[in-house]
2 protein chains.
Amino acid sequence: MCASHVKVTACATVGTLADLPPDVCESVSDVLARVGDKWSLLVIYMLSGGSKRFSELKRGVASISQKMLTTTVRGLERDGYVTRTVTATVPARVDYELTDMGRDVLLPVTALATWALTHRSTVEAARMAYDRLG
Amino acid sequence: MCASHVKVTACATVGTLADLPPDVCESVSDVLARVGDKWSLLVIYMLSGGSKRFSELKRGVASISQKMLTTTVRGLERDGYVTRTVTATVPARVDYELTDMGRDVLLPVTALATWALTHRSTVEAARMAYDRLG
DNA sequence: CGGTATCCAGGAAGATACTG
DNA sequence: CAGTATCTTCCTGGATACCG
């Protein structure tokens, strides 16, 4: 994904929800593109406990590849959700930490997470019912 | 995306946020995978104004291809966010409508949308600052 | 009208190897 | 340790054509 995958390209003629200007669409998709991708949310959650180095994140999200972790933290850094601090020792050490905004986004995201958990069974039931018919 | 793209596959050793069991990760990623994809949110928003037919949705999201609109509404139907009603006239007529759950998810999603709008400028500034350096 | 089927190009992501 | 570079594979999504 990273940047351009989840990018709403047209909101022009929506207009069913009162006052849904195009820039709202773009903002939402921007945030969702970052927060909603495969790994970002997990990394943010991990960092909510405090600063972590690259290898700690790597261990925490066991199945992520080094490449994808790099890509993910770079994206989060670019959008201002985390800071990246390099300590030029040998071997090198890099620490990642949530910014204020990074901590801030946890609030609405947690709300969505709560909703997701609450409606988990409903979604699963709907999915199974749908698949049963074909 | 549809179904498998945004799918968290490992949450095992996260544990920094107090009590973040694996099923929370899966639920969240399930919801985000559906709601956070390129078109679903727009379709949901369009349907928040009431039942709409296929062609109306197609016009509303001008730049979406017929294939992607079909894929999107199918996914939303599968997960129980919308209902699909076929009227066997000639030519055929198909109406889509939000379920209770579909209307319900608008709440947390709107919260995130609001956050996104509020922090829009911050994200953009961070992005530009990051890109300026390289 | 509302799809489905098919083909194709481009990006995403895994595996692997190498570097400051 | 924390990356970058490259190669390859998979899959998404666009274009097009056809069907009930």
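So you know, we letter chains A, B, ... as the sequences are listed, proteins then strands, and number each from 1. As the structure is a prediction and not an experimental result, all values here were calculated from the model.
- Summarising the geometry, the separation between CD1 on B:Ile64 and C1' on D:dA15 is reported as 15 Å, rounded to the nearest angstrom.
- The phosphate of C:dG20 has neither OP1 nor OP2 within less than 4.0 Å of any side-chain N or O from A:Arg93.
- Shown here are the side-chain hydrogen bond (donor to acceptor under 3.5 Å, both in side chains) partners of A:Tyr81, two or more places apart in sequence or in another chain: there are none.
- Neither A:Val73 nor B:Tyr130 shares a network with the other; the hydrophobic side chains, linked directly or stepwise wherever heavy atoms of I, L, V, M, F, W or Y lie under 4.5 Å apart, form separate groups for each.
- Note on B:Arg53: a side-chain N or O is less than 4.0 Å away from OP1 or OP2 of C:dG2.
- When the nucleotides D:dC1, C:dA17, C:dG2 are ranked by their closest atom to the side chain of A:Pro91, D:dC1 comes out on top.
- Between B:Arg59 atom CZ and C:dG2 atom P the separation is 9 Å, expressed in whole Å.
- Whole-Å rounding puts the B:Leu57 CG to C:dC1 C1' distance at 13 Å.
- With rounding to whole Å, A:Trp39 atom CH2 is found 7 Å from C:dG14 atom P.
- Side-chain proximity of B:Phe54 to C:dG14, C:dG2, D:dG14: nearest is C:dG2.
- At whole-Å resolution of the value, NZ in B:Lys58 and P in D:dG14 are 10 Å apart.
- Within the 4.5 Å cutoff, the side chain of A:Ser40 has no heavy atoms near those of the A:Val35 side chain.
- Minimum atom distance to the side chain of A:Val94 is reached by D:dG3, of the listed C:dA13, D:dG14, D:dG3.
- The shortest non-hydrogen separation linking B:Tyr45 to B:Val109 is OH-CG1, 4.2 Å.
- Nearest-nucleotide assignment on DNA chain C puts the 5′-proximal partner with A:Gln66, out of A:Ala92 and A:Gln66.
- Using a 4.5 Å heavy-atom cutoff, the side chains of A:Lys58 and A:Arg53 are not in contact.
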Notebook entry, point to check: How far apart are the C-alpha atoms of A:Arg78 and B:Asp131, what are their side-chain angles, what is the distance that settles it, and do they pass the salt bridge (Lys or Arg N to Asp or Glu O under 4.0 Å) test?
Noted result: CA-CA 8 Å; A:Arg78 187 171 106 103; B:Asp131 291 348; 2.4 Å; yes
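- Of the listed nucleotides (D:dG3, C:dG14, D:dC1), D:dC1 has the atom at the smallest distance from the side chain of A:Ser55.
- The CE atom of A:Met68 lies 7.0 Å from the CG atom of A:Asp37; values are rounded to the nearest 0.5 Å.
- Applying the side-chain hydrogen bond (donor to acceptor under 3.5 Å, both in side chains) test to A:Arg127 and every residue at least two apart in sequence or in another chain returns B:Asp30, B:Asp79.
- D:dA2 atom C1' lies 10 Å from atom CG of A:Leu69, rounded to whole Å.
- Counting to the nearest Å, the C1' atom of D:dC1 and the CG atom of A:Asp95 are 12 Å from each other.
- Phosphate contact (OP1/OP2 of C:dG14, side-chain N/O of A:Ser65, threshold under 4.0 Å): present.
- Using a 4.0 Å cut-off, no side-chain N or O of A:Arg74 falls inside it from OP1 or OP2 of D:dA2.
- Among the heavy atoms of the strands lying under 4.0 Å from B:Lys67 is at least one base atom, whether or not backbone atoms are also near.
- Look at B:Tyr96 and you won't find any side-chain N or O under 4.0 angstrom from OP1 or OP2 of C:dG2.
- The overall bend of the helix from C:dC1-D:dG20 to C:dG20-D:dC1, read as the angle between its terminal helix axes built from five base pairs each, is 50° when rounded to 10 degrees.
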